[in-house]
Amino acid sequence: MSIQPDNRFVDPEPWSDETDISAPERSDMDAPGWLLTWRKFSRHKLALISGIFLLTCYLILPIAGFIAPYTPNERSADYLYAPPQSINLWHEGSFVGPYVYPITAKADLEQFRWTYTTDTSTPALLEYFCKGEEYRLFGLIPSDTHLFCAPEGATVFLWGSDRLGRDVFSRILYGAQLSLTVGLIGITVSFLLGITFGALAGYFGGKTDWIVNRVIEILRSLPELPLWLALSAAVPSNWGPVAVFFIISIILGILDWPGLARAVRSKFLSLREEEFVKAAEMMGAKPGRVIRRHLLPNFMSHLIASATLSIPAMILGETALSFLGLGLRAPAVSWGVMLNDAQNLASIEIYWWTAIPMLPIIVVVLAFNFLGDGLRASLDPYKS
Amino acid sequence: MTTLLEVEALTIGFGKADPVVHDVSFSVEQGQTMALVGESGSGKTLTCRSVLRILPEAAQVRNGSVTFFGEKGPINLIEASEKRLRGIRGDRISMIFQEPMRSLSPLHRLGDQVSEVLHLHRNMGRSEAKRLVLEQFEKVGFVDPERSWRSYPFEMSGGMRQRAMIAMAMVAKPELLIADEPTTALDVTTQAQVLGLINRLQKETGMAVILVTHDLGVVANMAEHVVVMNKGRVMEAGRAADVLSAPAHGYTAKLFAAAPLIPEVAKPARALPHDDLILDLTNVTKTFTMRAGGWRKPVEVIACRDVNLKLQRGKTLAVVGESGSGKTTCARVALGSEKPDPGGEVLFRSEPDVPPVRVHNMTPGQRRKFQREAQMVFQDPYSSLSPRMRVISAMTEPMEIHQIGSKAERRDKAAEMLRWVGLDPDMLRRYPHAFSGGQRQRLSIARALTLDPKLLICDEPTSALDVSVQDQILTLLEDIRERAGLSYLFISHDLAVVARIADEVAVMRAGVIVEQAPPDTLFYNPQHPYTKALIAAQPEPDISRPIDLELVSKGAGAPTTWPEMFRFNGGEAPALRELEPGHMVRCHA
């Protein structure tokens with residue numbers, strides 16, 4: 001375009017005032033909130049991958065027994081502290097399929113440790129859908145079929161074996177069942193308490209707000225670790241592993257809710273000022289209705305994100321407790337319990353694979369953090 | 001005259017989408033004021049920001065050039081190095097932003113913030129810089145520059161902060177000042193004064209100004225050259241006198257038609273009868289007690305004092321005033337969400353022949369009925385609808401709360417109300433965030449109507465909307481009033497908007513009503529200096545009627561500075577006297 005000599009320019013293109021006042025201005029936004037959130041979330045590749053990874057992890061939990069070649073407390077007395085074995089495909093230049101080399105243990109009486117020799121001449125092909133020790137699928141159905149296991153006379157310790165000759169890999173799978181669910185149960189408890197108290201404080205304000213806030217402050221001022229220790233020490237030692245597990249996760253939840261309650265409260269306070277909330281109140285909606293229909297749906301996504309970010313803290317909490325020997329106890333298997341075995345510096349130095357349970361902890365905690373970050377970034381789909 | 005800034009074929013876009021600024025060209029002459037006019041989404045802000053290259057991160061300049069012919073020779077601002085650009089920003093080209101509340105750092109004293117420009121660009125000593133800044137403070141109209149130097153932004157009103165921003169932008173004596181909606185967030189009398197200030201400073205220093213605005217009235221008062229933008233394209237450009245006197249493009253003409261005007265009135269209106277009142281506020285005073293913290297005595301703030309408002313059935317009563325004048329408190333008291341101080345009373349009579357109910361002393365049954373019969377339309381269309389609810393749930397919710405009708409009946413009613421406000425019932429399935437501000441405002445009006453109210457309280461329903469949309473919404477409100485037999489209590493800060501829709505206007509200032517009359521009477525014979533200032537400050541899109549700054553400054557000051565007859569101080573306001581039938585003014589006899 002150019003400005004005419006008389007210094008006046010008029011756009012030559014035809015222009016009409018006809019606008020359809022019912023047409024959505026932004027048809028890309030014409031979708032329910034969750035769809036908009038998903039669209040935004042799926043652009044965060046790291047978060048998406050983390051989400052898929054975590055989903056897979058949780059889906060595997062009920063069938064962990066099927067995938068693991070051994071059961072958690074199955075001992076191979078001849079293979080104490082066996083080093084990790086690799087699965088190979090090629091033997092002497094020709095393809096034979098997945099196999100392991102059998103190993104044999106020998107007691108080194110000079111250094112008082114086990115040494116293993118690998119027999120590389122006879123590859124032992126892995127077997128599939130083979131019979132092994134009995135476990136329960138989904139915790140209910142008894143079964144003894146394993147996805148894969150070593151043939152007669154050989155072992156398959158992918159990540160080595162521990163002090164009692166138990167397969168570390170299988171134990172990590174079983175340990176995940178407790179370690180990953182402790183977070184979920186804990187977060188449910190923390191959610192219920194946090195939403196209830198946060199909503200009460202945020203919506204009613206005044207005295208209620210004051211009391212809830214003081215309780216939160218008191219709870220937050222307690223030193224966390226000693227409190228955990230005290231609470232879990234109070235769990236009778238004759239209780240079964242499952243009961244202890246529940247108590248531990250509830251303890252973690254009870255200590256976690258103040259943070260969530262604060263988030264809920266501040267979100268409530270800011271949402272209360274929104275005009276749609278005032279409009280509903282002015283129409284005569286009761287507090288319960290306002291909270292359920294207007295406030296909760298609008299900050300549910302924030303809650304989910306903050307929950308995602310606090311699950312890792314729960315997992316780490318359980319690990320820390322069990323590591324110190326105050327959380328879950330054998331025969332229950334969790335990552336923390338496994339790391340308890342790796343407390344001894346000398347044994348880590350010689351049998352480094354006993355510290356392998358740290359790997360899944362790191363990976364899972366990172367994945368939760370990435371996922372939570374992605375969720376938080378895509379929470380407000382209405383601003384583009 | 002020589003060209004100072006040349007923008008050529010500028011195209012800006014986000015991501016892979018179509019450009020939002022498309023092929024925009026204009027030039028600014030030295031010492032000239034150029035106005036960039038457009039509604040929201042027209043690309044005017046992006047265009048002016050591209051001059052200083054302070055675009056949002058995702059924006060890409062796809063084409064075109066911006067050349068600045070400053071003292072140091074021409075420079076292409078789009079391609080210049082970041083270092084070179086830093087030398088220009090704030091020194092040769094400076095900018096004023098829209099939001100004075102947010103554009104100053106709350107942690108630094110004004111003097112330090114303003115003199116920073118001089119430290120950066122002039123390498124100046126402290127005392128020398130201070131002398132210059134104080135001089136500049138005096139120029140922008142600070143009464144006590146030394147005090148302003150020491151004060152923090154939060155100690156000042158919006159208008160004062162905007163003056164400080166102007167001082168900051170001007171202190172380095174730039175060749176070009178970009179003002180991005182500098183007065184949109186200000187009250188109309190403050191706006192007039194700030195515009196006058198920019199005008200005066202420009203005459204004194206001979207700098208050029210790019211004024212970004214949506215208000216043709218502001219353009220008429222300020223600019224010599226106009227560029228009208230719509231949807232990222234230039235619609236019309238030319239000398240302000242030509243464009244404003246004879247708009248050649250359809251869009252400009254439409255903007256013109258929509259601009260609210262204070263009409264020329266030939267004779268005063270007759271007094272409005274007050275024999276069938278739907279809402280009656282008597283002696284309403286509202287005091288808020290603020291905790292002063294710790295050990296001190298709580299402070300009492302009087303939001304509104306001695307307010308008497310009578311709303312005749314089927315009419316519109318408008319309350320006009322600047323922010324902090326107490327108009328919103330009045331509306332909240334009228335709706336029953338605030339309780340007036342003892343002695344005040346609000347009566348609501350839903351039918352002419354039923355006894356009135358006292359809004360602040362209702363039985364639960366009366367309250368439910370009142371909540372149905374009195375509805376509110378809010379200011380911000382973006383926050384008045386829950387983003388998580390479909391239009392259908394938002395529209396049927398009031399009926400659900402009051403348990404009216406079956407599900408199908410509610411749905412039908414919602415569809416009918418959408419048709420009333422000019423929307424397609426197909427919208428019911430959609431979500432509100434797909435719609436524009438004007439559409440959402442229609443939706444919230446429709447929602448208020450679903451309960452068949454008798455009284456609608458409109459709290460600045462158009463002040464967040466574009467001019468052309470504001471015009472449509474006002475027309476809609478007028479139509480609906482006739483059709484549904486509604487009465488309106490209309491809160492606004494804009495006398496021109498009120499002029500159009502109201503049957504009676506109450507002008508509020510400092511918590512009291514200073515003048516009350518039908519709009520025609522008010523415009524024919526304004527008595528109170530504040531009313532006169534409000535009328536005078538209204539920018540009109542007519543070059544021959546510039547803002548009379550003297551009149552504005554006479555009335556816009558504190559009540560203690562008014563002429564003897566109207567003056568009052570704190571609690572000692574003169575009484576509201578009836579000058580002629582239906583025309584009340586607060587003055588001494």
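Small disclaimer: the values here were computed from a predicted structure and weren't measured. Side chains included, hydrogens not; waters and symmetry mates left out as well; all remaining heavy atoms used.
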Worksheet entry | Distance in Å, Asn298(A) CG paired with Met389(B) CE, rounded so as to fall on 0.5 Å steps | 9.0 Å
Worksheet item: Heavy-atom distance under 4.5 Å between the side chains of Phe9(A) and Glu236(B), does that happen here?
Response: no
Discussion item. So for Pro247(B), is it side chain, backbone, both, or neither that comes closer than 4.5 Å to the heavy atoms of chain A?
Written reply: backbone
Worksheet item: How many angstroms lie between atom CE of Met283(A) and atom CD of Glu400(B), to the nearest 0.5 angstrom?
Response: 11.5 Å
Fill in: Arg447(B) versus chain A, the contacting section by heavy-atom distance below 4.5 Å
side chain
Practice prompt. Pick one of side chain, backbone, both or neither for Leu335(B), based on which atoms fall under 4.5 Å of a heavy atom in chain A.
Written response: side chain
Discussion item. So for Arg429(B), is it side chain, backbone, both, or neither that comes closer than 4.5 Å to the heavy atoms of chain A?
Written reply: neither
Discussion item. Within the structure provided, determine whether Glu274(A) and Tyr382(B) are in side-chain contact (heavy-atom separation under 4.5 Å).
Written reply: no
Worksheet item: Side chain, backbone, both or neither: which part of Asn230(B) has a non-hydrogen atom closer than 4.5 Å to chain A?
Response: side chain
Worksheet entry | Engaged part of Glu273(A) at the chain B interface, taking heavy atoms whose separation is under 4.5 Å | neither
Discussion item. On a heavy-atom basis, which atom in Asp11(A) and which in Val234(B) lie closest, and how many Å separate them?
Written reply: CB-O, 3.4 Å
Worksheet, complete the sentence: Tightest non-hydrogen contact, residues Ala279(A) and Phe378(B), listed as CB-CE1, 3.4 Å
Worksheet entry | Within-4.5 Å side-chain heavy-atom neighbours: Glu397(B) and Arg289(A) | yes
Worksheet entry | Atom pair CZ/CZ of Phe299(A) and Arg388(B) - distance to nearest 0.5 Å | 11.5 Å
Worksheet item: Where is the tightest heavy-atom contact between Ile401(B) and Ala285(A), given as atom of each residue plus distance?
Response: CD1-CB, 3.5 Å
Discussion item. I'd like to verify something: which residue of Glu8(B), Arg367(B), Gln371(B) has the highest number of heavy-atom pairs under 4.5 Å with chain A?
Written reply: Gln371(B)
Practice prompt. Sort Val227(B) into side chain, backbone, both or neither according to what part of it lies under 4.5 angstrom from a heavy atom of chain A.
Written response: neither
Item to complete: Check whether any side-chain heavy atom of Met235(B) lies under 4.5 Å from a side-chain heavy atom of Val10(A), and answer yes or no.
Response: no
Discussion item. Between Ser393(B) and Arg293(A), does the side chain to side chain contact (heavy atoms under 4.5 Å, CB included) criterion hold? Intermediate values first, please.
Written reply: CA-CA 10 Å; Ser393(B) 356; Arg293(A) 294 290 304 268; 3.9 Å; yes
Worksheet item: What part of Met376(B) gets closer than 4.5 Å to chain A, counting heavy atoms only: side chain, backbone, both or neither?
Response: side chain
Worksheet entry | Residues, nucleotides or ligands: over 12 heavy atoms within 6.0 Å of Lys278(A) NZ | yes
Worksheet item: Out of Gly238(B), Ala248(B), Ser386(B), which one racks up the most heavy-atom pairs below 4.5 Å with chain A?
Response: Ser386(B)
Fill in: Check: Glu275(A) main-chain N/O paired with Ser383(B) side-chain donor or acceptor under 3.5 Å
yes
